[in-house]
Amino acid sequence: MDYKQTVNLPQTAFPMKADLARREPEMLARWYREDRYGQIRKAVAGRPHFTLVDGPPYANAAIHIGHAVNKILKDIIVKSRTLDGHDAPYVPGWDCHGLPIEQQVEKKHGRIGQKLDARAFRQACREYAASQVDGQREDFKRLGVLGDWDRPYLTMLPRYEAEQLRAFANIIRAGHLERGFKPVHWCLDCRSSLAEAEVEYADRTSPAIDVGFPVTVTADLARRLGINPTSAEGAELAIWTTTPWTLPANQAVCLHPEIEYVLIESAPDGHRRRLLVAAALAAAVLARSGLPEGRTLARCTGSALEGLRLHHPFYEREVPVILGDHVTVDSGTGAVHTAPGHGVEDYQVGRAYGLAVDNPVGNDGRYLPGTELFEGQQVFKANEAIVEVLRERGRLLCHLPYQHSYPHCWRHKTPVIFRATPQWFVSMEQAGLRQRALAEIARVHWVPGWGEQRIAGMVEGRPDWCISRQRAWGVPLALFVHRRSGEPHPRSAELLEQVAERVAQHGLEAWFDLDAAELLAEEATEYEKTDDVMDVWLDSGVVHHCLPALRPDAVPFPADVYLEGSDQHRGWFQRSLLASVAGKGVAPYREVVTHGFVVDDKGRKMSKSLGNVIAPQQVVGTLGADVLRLWVAATDYSAEMSVSDEILKRTSESYRRIRNTARFLLGNLHGFDPATDAVPVEELIAIDAWALAQARRLQEEVVAAYRSYDYHLIYQKVHNFCVIDLGAQWLDILKDRLYTTPAAGHPRRSAQTAMYHVLEAMVRWLAPILSFTAEEIWELLPGKRDASVFMSTWWALPMAAADASLDWEAVMALKADVSRELERLRVAGEIGAPLEAAAEVYLDEAQRARLGAIGEELRFVLITSEATLRPAGERPAEAVAATTVAETGAWIVVRPVEDAKCVRCWHRRADVGADDRHPELCSRCVGNLEGPGESRRWA
RNA sequence: GGGCGUAUAGCUCAGUUGGCUAGAGCGCAGCUCUGAUAAAGCUGAGGUCCUUGGUUCGAAUCCAAGUACGCCCA
């Protein structure tokens, strides 16, 4: 007789080989055919909401691994919260306006006015952005990210743009809008501002000059330096600049507070000259100015000179000495000529000191009418005239050509200048925005915790937010500005509402087409429409306002969580906070989670030149999305995330173990229907109840880790559970019972009942991470169920009361000790499989109390053919202490078994052949085959 | 140069308030099984806890300096 046919071997359609790269797309096609996202929404309707607001990626170029990490983490959040009993919708978004898209369109169609007018240009931008959205969307879907992909929010949707204007109106109502000036790169040939990305650096020779600014009240200087007033007479503070043309706009001279300065006297030809310069540069300044070595009259740090009054080198006005950390002694004199209208640092330090932003230069690069001495001259040509004036007045110390890297227009290849232009700001102070924002930061939960320090530091130190841009592809600022005063219309907020109405209907062309008279009637002649568009950071910064307005069904305000990379503390997190606090008075999120950047296995950033770039498309196309998702989950994202082929290979191996564990469980659930075959919890065999208890404990940890976003712990714990608790312990022990006892008998049904519960629980633990694999398991699990695992919640694992008379921890420890002894027999060539051995275990009273109850069934746990428990006193000399169980009190002897092998259960038993009808079987198998079958209590 | 981080076996991660010979899984090596089989089980070898100094009876853990790397600025 072929007894193999009488053994219940595993059977399942769940393949061992995942073949994810091929099969995931098939599963995806089905999910979208069946509208899986919509089905889930219906199934979970009515549950408490959990809102993750998607930070919109920029709609340009294919996604890289950082995008994949970001979207997968969001997907894990959304799915785990769904399993946790929430209705957690996911509405993805894209950031669609801005310069990079303009540049792409320029490459193809040229600049506005060449082939396309502004309207057609914007249309081309819109089409380009839409095509990029389509490409990225397919890649995101392929990652298994489930969301409302058919109805994403795009910042270029007319309704979004309209809501953005309304959000802007709220900011104006709250009093945060401020008009001001700011220096920007300005091309004299374009006659317009340039973005940072439109500037390229090239070598250029400029006139480098050292100029003396006479101290007006030398007695004040003497007092500060603690010297005789006569010694300070005629003192000049020396500055160095390569842009003489900015001197007419000079408002101050800036020193570093901690650098040491000296007053030095030099007397060429008996003509005394006293200069104030950085000590470290004094010699160099004298040398290039052709002055003989001097004598030091006094020294002090820059901070001692703050507020000292100086005379402008050629205008009849005074300028102060100020302090700034940007000053260095790398070159020059250690004193920086400061013209807030012509430099970003000058502008920033100037704001701190309340300096005027003087801008005497017109958009053609010529000094404006009324500019003393140089009116009408082009700035670069005026350099010579200025040097000449300085020479005449005796203020020029040195004049040399100087070659340096200088910004040029990328189109004209001509040098650009910094020029102050009128801009619009969200003021940090005007209506208390900074203070309010800081208070809100303290109320938000930051993950990891140091994120709070990081963003608070940025908000504390940041300047006003410049929200205007002189660009074509963006949402118009839509203000009416008074022709003379430059102030916005007093009813701006109300007017914006009317503009928003039109934009919602007709798109943002409605603003460009608008005749001011339509809204302003007779006032129209006094106002003009702004040409500016909004900073794209404002586009995405008001998602908190626009998305709930667009999708009231899905996205309440405020959001539960925002999740982005750590660069977004300055970027989206900060802009969203400022925009929300400015418009609504509160933070837009309760919790903010940050992930690190992806680096290679040596911790270096990914770059083409290093050749260490891992493309998500490539990973998904070979190993599969679930392996990529497992890598994301397994990596501690709070710091940098390392990835390499080696790391992905390891991840893939771990995946196989988890998959195979599920496969084994499914295979042994063959023929099990939980509705009719489940054993009542209180009747479960002890080790099955123990396994359930292990699973329960793990589930508590898994759920807690999902709630605290500690996914890498979940991976570790679940993987360990598969390997140790299940693989090495429970499932290995279970095989004999599953295979050899009657298919429908209590021992096997008990095992199946527990396995069923474990797999029901496990498929849910895995689902947020291994979504494809989980759904695959879900479909093959016995029992009636919904279409998707994501329609369910964490599995209620039954609580089986543990029998206190047996200590399972001790049993498993004993098993480990016995394994070590069996290994010695194996190495000695005395046995192969453990079933070729017998174990004798000697226990003292204490250990007997922990282990004794298991009795005869110990052999099933040890997977030996025999196992006996005896008193410690009877142990032979060769017995080995079982140190894992206890330091003393347990000893082991193992030996090969000589009995015949039962061909059915493979145990070596003395009773093989006892039944004439089955000469090759042991009595246990005969009973299982023909009788009611054996009964088990412990294992 | 500044701010915020990170650094524990080849890989991914644990390591409560300072306290046993620093742990786990994977990988690796050896062995076994062939009824989870492009699987499974057993055993074993792997660590200057980034470096240096300090505090302490005692430091992976606390303090200081430094190095490397990452993000954001300058």
- Query: For RNA chain B, what dot-bracket results from Watson-Crick or G-U pairs at under 3.5 Å, with [ ] for crossers and | for inter-strand partners?
  - Reply: (((((((..((((.....[...)))).(((((.......))))).....(((((..]....)))))))))))).

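If you measure from atom CZ of R820(A) to atom P of G41(B), you get 17 Å, rounded to the nearest angstrom. Between the P atom of G25(B) and the CZ atom of R656(A) lies a distance of 19 Å, rounded to the nearest Å. Spacing between atom CD of Q716(A) and atom P of C11(B) amounts to 14 Å, rounded to whole angstrom units. One can place NE2 of H595(A) at 17 Å from C1' of C4(B), the figure rounded to the nearest angstrom. The interatomic distance linking L698(A) (CG) with A24(B) (C1') rounds to 14 Å, in whole Å. Atom CG in D732(A) sits about 13 Å away from atom C1' in U34(B), given to the nearest Å. To the nearest angstrom, C1' of G5(B) lies 12 Å from CG of D636(A). Residue L862(A) contributes atom CG, which lies 13 Å from atom C1' of C42(B) at whole-angstrom precision.
Between Y562(A) and W572(A), the ring planes lie parallel to each other; the angle is under 30°, not in the 30° to 60° tilted range.
Mapping I647(A) and L731(A) onto RNA chain B by nearest heavy atom places I647(A) at the nucleotide closer to the 5' end. For G457(A) and K4(A), each mapped to the nucleotide of RNA chain B holding its nearest heavy atom, the one lying further toward the 5' end belongs to G457(A).
Salt bridge D600(A)/R604(A): present, at least one basic N to carboxylate O contact under 4.0 Å. Salt bridge status for R895(A) with E821(A): absent, with no side-chain N to carboxylate O gap under 4.0 Å.
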- Task: Produce a footprint string for nucleotides 66-74 of chain B: one letter per nucleotide, 5' end first; B if the base is under 4.0 Å from any protein heavy atom, S if only the sugar-phosphate is, - if neither.
- Result: ---SBBSSS

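The phosphate of C33(B) has neither OP1 nor OP2 within less than 4.0 Å of any side-chain N or O from R826(A). Residue R657(A) has a polar side-chain atom (N or O) positioned under 4.0 Å from OP1 or OP2 of A40(B).
Side-chain atoms of K735(A) and base atoms of A40(B) include no donor and acceptor less than 3.5 Å apart. Contact annotation: side chain of E823(A) to base of U32(B), donor-acceptor pair absent below 3.5 Å.
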- Message: Assess the residue pair V643(A) and D601(A) against the criterion (side chain to side chain contact (heavy atoms under 4.5 Å, CB included)); give the C-alpha distance rounded to whole Å, side-chain angles, the decisive distance to 0.1 Å, and a yes or no.
- Response: CA-CA 6 Å; V643(A) 74; D601(A) 49 358; over 6 Å; no

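Across A38(B), U34(B), G35(B), the shortest atom-to-atom separation from the side chain of Y739(A) is found for G35(B).
Residue-level contact check: R904(A) touches the bases, meaning some heavy atom is under 4.0 Å from a base atom.
You'll find the side chain of N8(A) stays beyond 4.5 Å of the side chain of L738(A), heavy atoms only.
Residues from residues 718-727 of chain A lying near RNA chain B, meaning a heavy-atom separation below 4.0 Å, are H719(A), N720(A), V723(A), I724(A), G727(A) in numerical order.
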